[in-house]
Each structure stands twice: as C-alpha cells, then as structure tokens.
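Working notes, structure below.
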Amino acid sequence: MATAATASHPASASTSGRDALAASSSSHAAVCLVPFRQNSGLGLQNKHSFAGDSAGAYPLVLRISVRETSILTLKISKKDNPVENYKRANKIFNVDSQPVHVWDFSGQTNLILMNEWNRLHDCCHADQENLLEVQVYAMSDSLTSKIGGDMNSDLSYRSFGRAGSMGLIGLENLGNTCFMNSSIQCLAHTPKLVDYFLGDYANNINRTNPLGLNGELALAFGELLRSLWTDRKPIPPHHFKEKIACFAPQFSGFNQHDSQELLAFLLDGLHEDLNQVKCKPYEEAKDASGRPDEEVADEYWSNHLARNDSVIVDTCHGQYKSTLTCPTCSKTSVTFDPFMYLSLPVPSTAKRVMTVTVFSTDGSREPCSYDVSVPKFGTLSDLVQALSIACLLGDDEILLVTEVYNNCIIRYLEEPSDSVSLLRDGDKLAAYRLPKRHEKSPFVVFTHQYFDEHSSDDNLTRQMREFEAPLLAALPETINGLSLQDIYLKLLSPFRLSNRAGSLNVCMESNSDSIDLTDATSSDSGSNSFQNSQSEDGPESSHCSASECEIMKRPDDLCDGGSDSNKEAQMEEFEFYLKNERGDGQLQKIEINELDLLETAPSRLHVNVHWLRNASKKYATSMLSNLPEIHKLELIPKGTEDSVALHGCLEAFLKEEPLGPEDMWYCPCCKKHQQAMKKLDLWRLPEVLVIHLKRFSYTQFTRNKLETFVDFPTTDLDLSSYIADKSKQPSSHYRLYAISNHYGNMGGGHYTASIYHEEGKGWYKFDDDYVTPMSEDSIKTSAAYVLFYRRE
C-alpha cells in the first residue's frame with residue numbers, strides 16, 4: 001500500500017515557516033523539504049546549489065509509502081514533478097549528498113504510520129525515482145530513516161522522544177562566549193523569529209543597505225537558528241562568532257562581554273540586513289505646535305516605518321513620548337521616538353554610611369562630624385542632600401565637599417552626578433559651609449603646622465607636625481597680610497580655649513534652664529570625640545551635639561578674637577607663607593604689614609601657617625589633628641536582601657529628571673543650551689518587549705554591579721497604567737518567556753539563559769551546552785539581567 005504526499009510550497013516572506021504548512025488539506029501530507037548541510041554557508045543550500053535559485057527552496061511532490069506501521073519510504077518521482085524541478089532534485093540529492101532534513105509541521109506523520117492514508121499504490125520505474133537519506137521531524141514524533149536500493153527498501157526508524165525536544169539544544173562555549181550563547185538562545189526561542197527564520201527569509205535579505213552587513217549576519221543567524229531547531233547535539237557557533245567579530249571587532253577574541261550589548265548589536269544588524277526599504281525617504285520631523293499627541297505620534301511612527309520595515313521592527317519596536325521642559329522659560333519640546341528595548345534603572349535600597357566633618361568658613365560654629373546614610377551606588381548630590389539635612393544647613397548656605405589627603409585638599413567634589421563609589425572607605429572628607437553669595441567667589445585655603453614637643457632622656461625635642469584638617473574662607477576684595485591674618489584668627493576662634501569657655505557662659509546665661517553638655521551629645525558615650533555613633537531614630541547622626549554646634553554663634557567680640565591686646569598677642573603666635581596648590585616649591589613669607597600682596601586674586605589662594613612657641617596649648621586642636629575616615633559599607637543583616645519590584649524600575653525610568661551637564665538641550669526661546677527637565681512616557685508597545693535591567697555601572701575609575709533582586713511577574717505583566725496613549729491599542733498584558741542571567745561580579749562572571757519551551761510546557765536552563773529542566777519558582781534570582789516578554 002502506498003500514499004501520495006504532496007510537499008507544500010515553501011513559506012513566503014509574509015508567512016511563518018511553521019504555520020504555512022499546517023493548513024494542508026486532509027488529502028495530502030504536508031512536509032517542507034529543505035536541503036541542509038551543517039557546515040554550509042547558507043542553511044537552505046546544499047553543496048550543489050541551484051543555478052539562479054538564490055532561495056534554495058522549491059516546490060516538490062514527495063511520495064511516502066507505508067508497508068507496515070513501522071516502515072516508511074519516501075521518494076521524489078519524475079512523474080509527479082516538472083522535469084526541471086526533478087532534474088534539480090536529482091542534482092542536489094545525489095548519492096554523495098548530505099542527509100536531508102524534512103520537517104512535518106502538519107503533525108500528520110503519525111496518520112501515515114497508522115496506515116490511515118494507505119489507500120493508493122502507484123508504481124514507478126526505478127530510473128524515474130530518486131531515493132533519499134532523510135531525517136523527518138514531526139510535531140508529534142521525531143523520526144530518522146535510511147532509504148537505499150530500490151523503492152521497496154524498508155525504512156527503519158527510532159524515536160527520539162516527544163517533539164518537545166526540538167529547540168532544547170545547547171551551544172558550546174568557545175572560550176568566554178557564554179554572553180553570546182545566552183543572547184542567542186533567548187532570540188532563538190522568540191516564536192515570531194523562529195517562524196521567520198525557519199521559513200523562506202532569504203528573499204528578504206537587503207544586500208545593498210549601506211547600514212547593513214551585506215546580509216551575512218542574517219544568514220549566519222538563520223543557519224544557527226535552524227541548527228538549534230534540527231540538530232540533536234550541542235552546536236559550536238564558530239561561523240556565527242566569526243561573522244559577529246567581522247562586523248563588530250569589539251566582540252572578537254575571547255574576552256568576556258556584555259550580553260545586552262551583543263543583543264543590541266544583533267537586533268540592529270538583523271534589522272538592517274532584513275530591511276525591505278531599499279531607498280529610505282527623508283522625512284523632517286515637524287514640531288508639535290499644539291497639535292494632539294495622537295496625531296503627532298502617528299506622524300512620527302509613519303515616518304519611522306517609511307524607513308524601516310523588517311521582522312525586527314514588526315516584533316521588537318515600540319514608541320515612547322519624550323518631553324523636554326526649559327527650566328527658565330518653560331518652553332516644552334515633545335517628540336515620539338522608537339525603541340527596540342527598554343533599559344531600566346535598578347533602584348537600590350542598599351545604603352552606605354559615610355562620615356563627613358563640617359567646618360564653618362566664618363568662625364561662627366565649631367566643626368562637627370556627621371554620619372549620613374546614602375544609597376550604596378548613589379551620587380554626590382545624594383551625599384550633599386543628606387549632609388545638608390544633618391547639619392541643618394541654612395537656605396542661604398551651600399556645602400563645598402572636599403577630599404583631604406596628606407593634610408591638603410586634593411579634590412573638590414563639585415560634580416553632583418559623580419558616584420559615591422569613587423570614594424573609598426579609607427578616604428577622609430571635609431565639608432565647608434559657604435554663604436550662597438560667595439559660591440563663585442575666590443577663597444583661601446589654610447594649611448597649618450605646629451611644634452610638637454617630645455621629652456626623652458631629660459631632653460626636650462621640638463618637631464614640626466601638620467594639622468590634618470585645612471580651613472577655608474572666602475577672600476576679601478583687598479588681600480594683604482593683615483586681612484589674611486584676621487580671616488585665620490576668626491576661623492580659629494571656635495578652637496580657642498578661652499572663647500570656648502566664654503561662649504559656654506554666654507549660652508548658660510541666655511537660657512533659664514541649665515544645660516548638661518554630657519547629655520546633649522548624640523553618641524552613647526556622651527563625648528564629642530570621633531567615634532561611630534548612630535541615632536536609633538534615623539541614619540544621620542553627629543559626633544557632637546546640636547547644642548555645641550549652635551553655641552558657637554557667639555557675640556561679635558568673641559568671634560573677632562576679643563580685645564586689640566589679645567589680637568596683638570595672637571599675631572605673634574603665627575607666621576604666614578604663600579605656597580602653590582601642590583604644596584611644593586619655596587614658601588614665600590607674608591609680612592603682616594604688606595599691603596599689596598597680590599595684584600590679582602586667584603580662584604584659590606593657598607596659605608601655610610606656622611604655629612610658633614606654645615600656640616597649640618591655647619587651642620583645642622583635636623578636631624584639627626584628626627579627620628575621621630569614611631565608614632565601611634553598612635552590613636546587610638543576614639537573611640535580608642536588597643529588592644525592588646519591576647514596576648519600581650519602570651517608575652524610576654519614567655520619572656521626570658534633569659538632563660546631565662553633558663546632555664544640555666538647546667532652547668529655541670532662550671537661544672542657549674539649558675539643563676532641561678526630561679519626562680518619558682510609553683506610547684506604543686511592541687509584540688515582544690525586551691527589558692534590560694541596568695545592573696552594571698561604569699566610571700573612569702570604577703565598575704560596579706548591582707545585586708538587587710528584581711521581583712518581576714512571569715505572567716500578566718500589566719503595563720496599561722504606564723501607557724500615555726489612552727486610545728484603543730493591542731493588549732498591554734505580557735508573559736515572560738526568556739531571561740538572560742548574569743552570575744558573579746564585573747571581574748569574572750557567567751551568563752546563562754532561562755527559557756520557557758512551548759512544546760515542552762516548562763522552563764529550561766540553558767548553560768552553554770547543558771540544557772536541563774528547571775522549576776518556575778527558581779527562575780527569579782538576583783542574576784536576572786535581560787527579560788523577554790511577549791504579548792498575551
């Protein structure tokens with residue numbers, strides 16, 4: 001008995017490879033015959049490619065004969081096919097040809113084996129038949145078969161298990177290529193891309209696109225994807241890696257890379273290789289000019305589609321609304337831009353406790369050290385904000401934060417966007433309260449040294465030592481020896497022992513209730529020494545009491561150092577020297593009566609002060625001698641984990657924030673660049689939503705990874721509340737189907753993929769060439785890096 005089975009025509013560009021063959025009539029067995037050679041450059045072509053047939057796919061009628069339920073024979077008959085096609089088949093399927101893969105996407109192979117179609121028996125002459133060595137992959141069972149000799153040769157087969165095993169093939173690690181394997185597996189299990197690359201996509205390749213890669217990337221990816229869905233053992237992706245390295249040299253060699261960076265390059269490269277727009281029209285974006293957002297958004301989207309038409313656009317491209325607002329004139333600019341993936345910040349709840357000592361610049365307050373809590377990977381803006389609250393900074397004041405090393409200021413921390421991770425635990429910070437009116441004014445930095453007396457063997461040894469904490473103040477208009485001396489004495493006023501006692505008496509007399517200074521401090525020990533203390537009510541604490549900081553607001557006579565006789569006595573205790581910013585070179589002594597010290601005031605004047613005789617005995621110098629180090633990272637209690645919901649990441653991405661100094665916006669009304677406020681809104685969602693969690697941060701000096709656990713939904717990700725366009729749209733509900741994971745740190749990590757397999761009805765872990773089942777409960781980890789969702 002025999003049954004005739006007609007091969008359907010290959011899927012067209014607009015029809016998916018799997019679905020095009022599923023709708024065959026009940027009188028035919030629908031199979032797709034594709035010449036295949038594992039090492040060929042084009043998966044659709046055998047080593048004997050058809051002349052003038054670039055697609056390598058063609059219509060053939062196949063005959064499947066079944067003698068018993070376990071015996072299957074497949075042949076191509078001259079009687080059933082046009083002569084030209086039969087000749088081509090004989091040429092490509094000769095004795096020396098490689099095995100041919102046949103996919104039965106109709107799922108009707110079992111019907112053949114059950115003899116339900118064994119109703120016809122057509123005899124053909126042997127010289128008019130071509131018998132093949134084939135591999136048949138059914139949607140229900142996978143079969144391999146060997147045909148040889150004549151038309152009546154038996155076909156033996158063995159089952160490879162359910163068809164759920166299709167696509168569960170790993171990729172060999174060629175040497176630090178786990179990042180590539182992870183991204184490829186996620187894309188190779190994106191249903192629409194699988195259907196597309198298993199179909200006839202070769203005709204869609206744009207070889208003339210100057211932005212493309214001559215179609216070579218698409219062909220290499222298509223060949224690799226076909227192998228992942230047809231081979232039975234792990235695949236070494238040598239050819240694909242060579243193509244990637246050829247067009248993106250940053251991925252050459254065997255160094256570890258970022259899977260998201262490769263994914264971005266791959267999606268963009270595939271799009272340009274498959275872009276059906278051969279001549280891109282120029283469309284100038286028009287200003288919104290008060291028009292409805294819906295009209296402007298559709299105009300932007302139409303312009304985008306006029307230049308971009310590919311399966312990547314159809315699958316992964318969405319649109320968001322970007323609004324810029326000028327902080328000066330409130331001018332707004334609205335644009336609607338496409339996106340291929342969303343890069344979401346990962347808000348971290350991990351905190352870092354940092355100790356900073358705050359000094360006054362007018363001698364009105366005693367210095368005080370504060371413990372402030374800032375985000376572990378926060379910015380200097382976060383540090384200044386927390387410190388301003390802790391030290392009760394006035395509305396008319398600013399804080400100048402500096403890093404102190406070797407008794408000198410080595411860095412002014414003035415860039416708000418710099419990361420606090422640039423500051424090491426052993427660094428020392430000093431902050432200075434400046435009136436806002438002096439924010440742009442030049443200032444003077446005083447470093448100082450004193451005589452330290454040591455006695456040994458009845459000998460008194462005097463040695464010059466440096467005070468660790470510099471003092472800082474705004475420069476007056478007239479700079480001379482006397483003015484610099486007055487500034488310095490005023491800065492020292494809070495440290496002078498007589499003034500400290502006098503200020504205490506003033507404070508006592510001005511309050512009816514007595515003050516117990518030992519109870520005023522926030523540290524448990526009651527002292528104002530530099531020791532770690534933290535308030536139970538909050539993360540910010542100081543190492544001196546608020547009362548002590550306030551009582552230094554003394555009457556003017558105390559701040560000015562007392563009487564003229566006292567000033568004269570103090571003048572004899574110090575010598576002043578000019579020095580350069582680096583602190584090297586010959587010091588130039590400043591004479592007190594020197595009127596014209598400098599012709600022009602520098603932005604920063606550096607003065608070194610020598611304390612003479614017994615001056616140090618008249619001042620409380622412990623605050624000058626020792627600056628505390630920045631505290632260690634706050635330990636997270638065992639059993640707790642830094643976590644955030646995916647919706648929190650989305651809200652952080654969409655919130656309004658100022659542009660960075662390097663991204664200033666040119667305001668057409670102000671006629672200059674402004675640090676505008678930027679607000680993003682989702683407008684149009686793609687069929688496949690790729691979400692990149694920004695775990696890695698890079699600076700000139702550091703590289704960090706956030707280990708924050710992001711709690712993401714696996715089913716029913718509802719984005720309807722984030723869509724600014726309230727008109728009728730496709731569903732905004734998504735289901736997770738793939739994850740690219742990164743384990744380890746920046747120095748040495750490993751990538752894997754977690755993928756939901758539709759036929760297998762479960763989650764699988766793809767760890768290079770190892771593919772193993774996994775439970776849905778185990779896919780949520782702090783290693784999740786790139787999430788792949790598809791519309792439900």
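Position 1 is the first residue of the sequence, and the numbers go up from there.
- In this structure, Y751 has its ring center closer than 6.0 angstrom to the ring center of H742.
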Does K655 form a side chain to side chain contact (heavy atoms under 4.5 Å, CB included) with E657? I'd like the steps, not just the answer. CA-CA 6 Å; K655 75 174 182 180; E657 60 184 3; 4.1 Å; yes

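- Using modelled atom types, one side-chain atom of K679 and one backbone atom of L654 make a donor-acceptor pair closer than 3.5 Å.
- At a threshold of 4.0 Å, the pair D382-K376 does not count as salt-bridged, since none of the basic side-chain nitrogens sits closer than that to a carboxylate oxygen.
- Within the model, atoms CH2 of W763 and NE2 of H757 stand 12.5 Å from one another, a figure rounded to the nearest 0.5 Å.
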Can you give me every donor-acceptor pair (side chain of residues 337-346, partner residue at least two apart or in another chain, under 3.5 Å) with its distance?
{"residue": "D337", "atom": "OD2", "partner": "T335", "partner atom": "OG1", "Å": "3.3"}
{"residue": "S343", "atom": "OG", "partner": "H692", "partner atom": "ND1", "Å": "2.9"}

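- Panel note: side chain R695, backbone T708; a donor-acceptor pair is recorded below 3.5 Å.
- Partner of E272 under the salt bridge (charged side-chain N to carboxylate O under 4.0 Å, His left out) criterion, chosen from K278, K280, R207: K280.
- Judged by distance alone, the side chain of H257 and the main-chain N or O of Q250 form a donor-acceptor pair under 3.5 Å.
- Minimum heavy-atom separation, P234 to D769: CB-CB, 3.6 Å.
- Within the model, atoms OG1 of T752 and CD1 of I739 stand 9.0 Å from one another, a figure rounded to the nearest 0.5 Å.
- Atom CG of L682 is separated from atom OH of Y320 by 10.0 Å, given to the nearest 0.5 angstrom.
- Less than 6.0 angstrom separates the ring centroid of W683 from the ring centroid of F336.
- Ring centroids of Y764 and Y756 are separated by 6.0 Å or more, keeping the two rings apart.
- Remark: K705 is not positioned above the aromatic ring of Y785, lacking an NZ or CZ atom under 6.0 angstrom from the ring centre and at most 45 degrees off the axis.
- Listed for the N173 side chain is a donor-acceptor partner under 3.5 Å among the backbone atoms of N176.
- Heavy atoms from other residues, nucleotides or ligands lying under 6.0 Å from OH of Y743 number more than 12.
- When every heavy atom of S754 is checked against every heavy atom of N741, the shortest pair comes out as OG-ND2, 3.0 Å.
- A donor atom on one side chain and an acceptor atom on the other are not found under 3.5 Å apart for S310 and Q276.
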What verdict does the salt bridge (charged side-chain N to carboxylate O under 4.0 Å, His left out) test give for D711 and K780, after you've listed the backbone C-alpha separation in whole Å, the side-chain angles of each residue and the deciding distance to 0.1 Å? CA-CA 7 Å; D711 187 10; K780 289 187 180 184; 3.1 Å; yes

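- Of the candidates F712, Y722, F653, Y722 is the only one forming a ring pair (Phe, Tyr, Trp, His ring centres under 6.0 Å) with H647.
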Audit row: V374, T379, side chain to side chain contact (heavy atoms under 4.5 Å, CB included) steps and yes/no: CA-CA 8 Å; V374 297; T379 63; over 6 Å; no

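- By the 4.5 Å heavy-atom criterion applied to side chains, I244 and L217 are counted as neighbours.
- Scanning both residues, R352 and S421, for their nearest heavy atoms gives NH1-CA, 4.0 Å.
- Across all their heavy atoms, V313 and D309 have their closest contact at CG2-N, 4.4 Å.
- The shortest distance between side-chain heavy atoms of L719 and L689 falls below 4.5 Å.
- Using modelled atom types and a 3.5 Å distance limit, the side chains of S720 and D718 yield a donor-acceptor pair.
- The main-chain N or O of M774 is never found under 3.5 Å from a side-chain atom of S778 such that the two would form a donor-acceptor pair.
- Rounding to the nearest 0.5 Å gives a distance of 12.5 Å between CD1 of I691 and CD of Q260.
- Expressed to the nearest 0.5 Å, how far CD of E662 lies from OG of S417 amounts to 6.0 Å.
- Without hydrogens or angle criteria, W229 side chain to I169 main chain gives no donor-acceptor distance under 3.5 Å.
- For the residue pair Y196 and N204, a side-chain donor N or O sits within less than 3.5 Å of a side-chain acceptor on the partner.
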Show your working on side chain to side chain donor-acceptor pair (under 3.5 Å) between S740 and S182 and close with a plain yes or no. CA-CA 6 Å; S740 176; S182 175; 2.7 Å; yes

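- No side-chain donor from either of N206 and N275 sits under 3.5 Å from a side-chain acceptor of the other.
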Please assess E656 against K678 for the test salt bridge (charged side-chain N to carboxylate O under 4.0 Å, His left out), listing each intermediate value before the final yes or no. CA-CA 5 Å; E656 187 177 35; K678 183 176 183 179; over 6 Å; no

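- For the side chain to side chain contact (heavy atoms under 4.5 Å, CB included) with V690, the qualifying choice from L263, L787, T315, T190 is L263, the only one to do so.
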Checking salt bridge (charged side-chain N to carboxylate O under 4.0 Å, His left out) for the pair D231/K233: CA distance, chi angles, key distance, verdict? CA-CA 6 Å; D231 278 20; K233 61 182 180 179; over 6 Å; no

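- With a 4.5 Å cut-off on side-chain heavy atoms, M180 and F251 do not count as touching.
- Residues H750 and F179 fail the side-chain proximity criterion, which asks for heavy atoms closer than 4.5 Å.
- Side-chain contact check for H317 versus H304: some heavy-atom pair is nearer than 4.5 Å.
- The backbone N or O of A297 sits less than 3.5 Å from a side-chain atom of Q319, completing a donor-acceptor pair.
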Verdict with reasoning, L219 to I205, per side chain to side chain contact (heavy atoms under 4.5 Å, CB included): CA-CA 8 Å; L219 290 172; I205 292 178; 3.1 Å; yes

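- Outside the 6.0 Å centre-distance limit, the rings of H189 and F788 are not counted as a close aromatic pair.
- A 4.5 Å side-chain heavy-atom check between E776 and T714 finds at least one atom pair inside the cut-off.
- Residues V296 and V334 form no side-chain contact, since every pair of their non-hydrogen atoms from C-beta on lies 4.5 Å or further apart.
- K243 approaches A220 most closely through the heavy-atom pair CG-CB, 3.8 Å.
- With R307 contributing its side chain and V277 its backbone, the two residues share no donor-acceptor pair below 3.5 Å.
- Considering every non-hydrogen atom in both S259 and V786, the closest pair reads OG-CG2, 4.5 Å.
- We find the CZ-CD distance between F247 and E242 to be 12.0 Å, quoted to the nearest 0.5 Å.
- In this structure the side chain of D716 reaches within 4.5 angstrom of the side chain of E792, judged on heavy atoms.
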Does the side chain to side chain contact (heavy atoms under 4.5 Å, CB included) test come out yes or no for D258 and F696, once each step is laid out? CA-CA 9 Å; D258 190 323; F696 302 125; 3.7 Å; yes

